[in-house]
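Naming: A, B, ... by sequence-line order, numbering from 1 per chain. All values below were derived from every heavy atom in this structure, side-chain atoms included, with hydrogens, water molecules and symmetry-related copies excluded.
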Number of protein chains: 2
Amino acid sequence: MRLESDLMRGAGPVAVLKLLERGEMYGYELADALERRSQGVLAMGQSTLYPLLYNLEAKGYIEAEWRVADSGRRRKYYRLTPKGRKRLATDTDAWKRLAGAMSALGVLGPADARASLGVAP
Amino acid sequence: MRLESDLMRGAGPVAVLKLLERGEMYGYELADALERRSQGVLAMGQSTLYPLLYNLEAKGYIEAEWRVADSGRRRKYYRLTPKGRKRLATDTDAWKRLAGAMSALGVLGPADARASLGVAP
DNA sequence: GCGTATACCTTGTCAGACATAGTATGTCAG
DNA sequence: CTGACATACTATGTCTGACAAGGTATACGC
């Protein structure tokens, strides 16, 4: 993907779960949202996104439903399951700690560390 | 690894390069430093660290030299090559943009976004 | 001497990122 | 009304990276 080589491995699932937190979305919409909302950083090809979705679904984090939109087009809508919501919380926490660790090493700025660890400046 | 499951994929090489930025270190020392300096978040087993080092060496980002320490123990010291220094700069930048993207989605706190993107609060 | 810490190496497995390719349908310019 | 283009999902196969498990070898404390 354009996902900054392999730096972002593991970021994909979290980003998808986070987007679905607000409400259901379909695959193509997710791809577009990831692209736009992250200025391309989290953009991923369809061959990355769809298998990722099937994987999350197989593990019970999201569930899908086929519907026909007003446009007449068939779309597969995905939404978070309670299990997925839990995983999102865990992953978000893990990401914050990872950002904190990278800050501690100097890879990210110190502000990241404070924000991630909830420490007052 | 303890590296927060696979969330941190890609973080390993950057962390190692960053540690080597200050000066040479040997494998065991790197493992220990990663563990301590990140409060365990970036800790990785030897079976992850050593292959990672061989990989970075094969790609010319680091170079190694066997030496005998005062303790009498043989150690393989690694140091950054100019190429590795360049890659560290690129990767650091990519990480900041990734952190910025995750912030934009709400996975990381907003302070991360400001710091990562260099935007005034 | 014998356990523990230090220090490095190897093999094999599995999951994830992706390129490539394919199917099918709605929209719109000409 | 037709062909190009955008939308939308699926399938296959390759490559890399994370890791568990299992070695080897040496220094040091007791």
Side-chain angles (χ1 to χ4, degrees), chain A residues 1-17 24-36 40-59 61-62 64-78 91 94 98, chain B residues 1-17 24-36 40-59 61-62 64-78 91 94 98:
Chain A
M1 55 166 75
R2 304 76 179 156
L3 280 166
E4 305 308 330
S5 69
D6 35 21
L7 270 184
M8 62 70 55
R9 282 161 167 267
V14 195
V16 166
L17 293 177
E24 57 181 21
M25 292 176 83
Y26 56 96
Y28 204 85
E29 190 184 9
L30 277 165
D32 191 58
L34 284 169
E35 162 84 37
R36 284 184 303 97
V41 176
L42 288 170
M44 62 180 82
Q46 299 194 344
S47 60
T48 300
L49 177 62
Y50 286 113
L52 190 162
L53 288 171
Y54 307 151
N55 186 260
L56 289 176
E57 189 182 5
K59 288 177 182 162
Y61 297 125
I62 59 179
E65 187 193 348
W66 278 103
R67 276 212 304 280
V68 177
D70 293 342
S71 66
R73 222 177 261 285
R74 287 170 71 249
R75 285 172 178 165
K76 202 169 176 181
Y77 288 87
Y78 290 93
D91 282 3
L98 177 55
Chain B
M1 55 167 74
R2 303 74 178 154
L3 280 166
E4 306 308 330
S5 69
D6 35 22
L7 270 184
M8 62 67 58
R9 281 160 167 267
V14 194
V16 166
L17 292 177
E24 57 182 21
M25 293 177 82
Y26 55 96
Y28 203 86
E29 189 183 9
L30 276 165
D32 190 58
L34 283 169
E35 163 85 36
R36 284 185 303 98
V41 176
L42 289 170
M44 63 181 81
Q46 299 193 345
S47 59
T48 300
L49 177 63
Y50 287 115
L52 190 162
L53 288 171
Y54 306 151
N55 185 259
L56 289 175
E57 189 181 7
K59 288 177 181 161
Y61 297 125
I62 60 179
E65 187 193 349
W66 279 102
R67 278 211 305 280
V68 177
D70 292 342
S71 64
R73 223 177 259 286
R74 286 169 72 248
R75 285 173 178 164
K76 202 170 176 181
Y77 287 88
Y78 290 93
D91 282 4
L98 177 55

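For the OP1/OP2 pair of D/dG17 and a distance below 4.0 Å, the side-chain nitrogens and oxygens of B/Lys59 include at least one atom meeting the criterion. Within the structure, a side-chain polar atom (N or O) of A/Asn55 is placed less than 4.0 Å from OP1 or OP2 of C/dG16.
One can place CG of B/Leu49 at 11 Å from P of C/dC9, the figure rounded to the nearest angstrom. If you measure from atom CG of A/Leu52 to atom P of D/dA11, you get 16 Å, rounded to the nearest angstrom. Rounding to whole angstrom units, CE of residue B/Met44 and C1' of C/dC9 are separated by 17 Å. Between the CZ atom of B/Arg75 and the P atom of C/dC8 there is a distance of 8 Å, given to the nearest Å. With rounding to whole Å, A/Glu57 atom CD is found 13 Å from D/dT10 atom C1'. Separating the CG atom of A/Leu53 from the C1' atom of C/dA17 is a distance of 14 Å, rounded to the nearest angstrom. In this structure, the CD atom of A/Glu35 is 15 Å from the P atom of D/dA6, given to the nearest Å. Here C/dA17 presents its P atom at 12 Å from CG of A/Leu42, a figure rounded to the nearest Å.
The shortest non-hydrogen separation linking B/Leu98 to A/Val41 is CA-CG1, 3.9 Å. A/Leu49 approaches A/Gly27 most closely through the heavy-atom pair CD2-O, 3.3 Å. Here the closest heavy-atom approach between residue A/Arg74 and residue A/Val68 is recorded as CG-CG2, 4.2 Å. The nearest pair of heavy atoms linking A/Tyr50 to A/Tyr28 is OH-N, 3.5 Å.
Residues forming a salt bridge (charged side-chain N to carboxylate O under 4.0 Å, His left out) with A/Glu24 (at least two apart in sequence, or on another chain): A/Arg67, A/Arg79. Residues satisfying the ring-ring contact (aromatic ring centres under 6.0 Å, His included) criterion with B/Tyr26, sequence neighbours excluded, are B/Tyr77. Considering only residues two or more places apart in sequence or on other chains, B/Lys59 meets the side-chain hydrogen bond (donor to acceptor under 3.5 Å, both in side chains) condition with B/Asn55.
In this structure, the separation between CE on B/Met25 and CD1 on B/Ile62 is 12.0 Å, given to the nearest 0.5 Å. The CG atom of A/Leu30 lies 12.0 Å from the CG atom of A/Leu42; values are rounded to the nearest 0.5 Å. Taken from CD in A/Gln46 to CG in A/Leu52, the straight-line distance is 13.0 Å, to the nearest 0.5 Å.
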- request: For each nucleotide in nucleotides 25-30 of chain D, reading 5' to 3', give B when a protein heavy atom comes within less than 4.0 Å of its base, S when such contact involves only the sugar-phosphate, and - otherwise.
  value: -BBS--
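Contacts between residues 25-34 of chain B and DNA chain D, defined by a heavy-atom separation under 4.0 Å, are absent.
Under the 4.5 Å side-chain criterion, counting only non-hydrogen atoms from C-beta, B/Leu53 is not in contact with B/Lys76.
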List every contact pair, protein side and nucleotides 10-12 of chain C side both N or O, where the distance is under 3.5 Å.
none

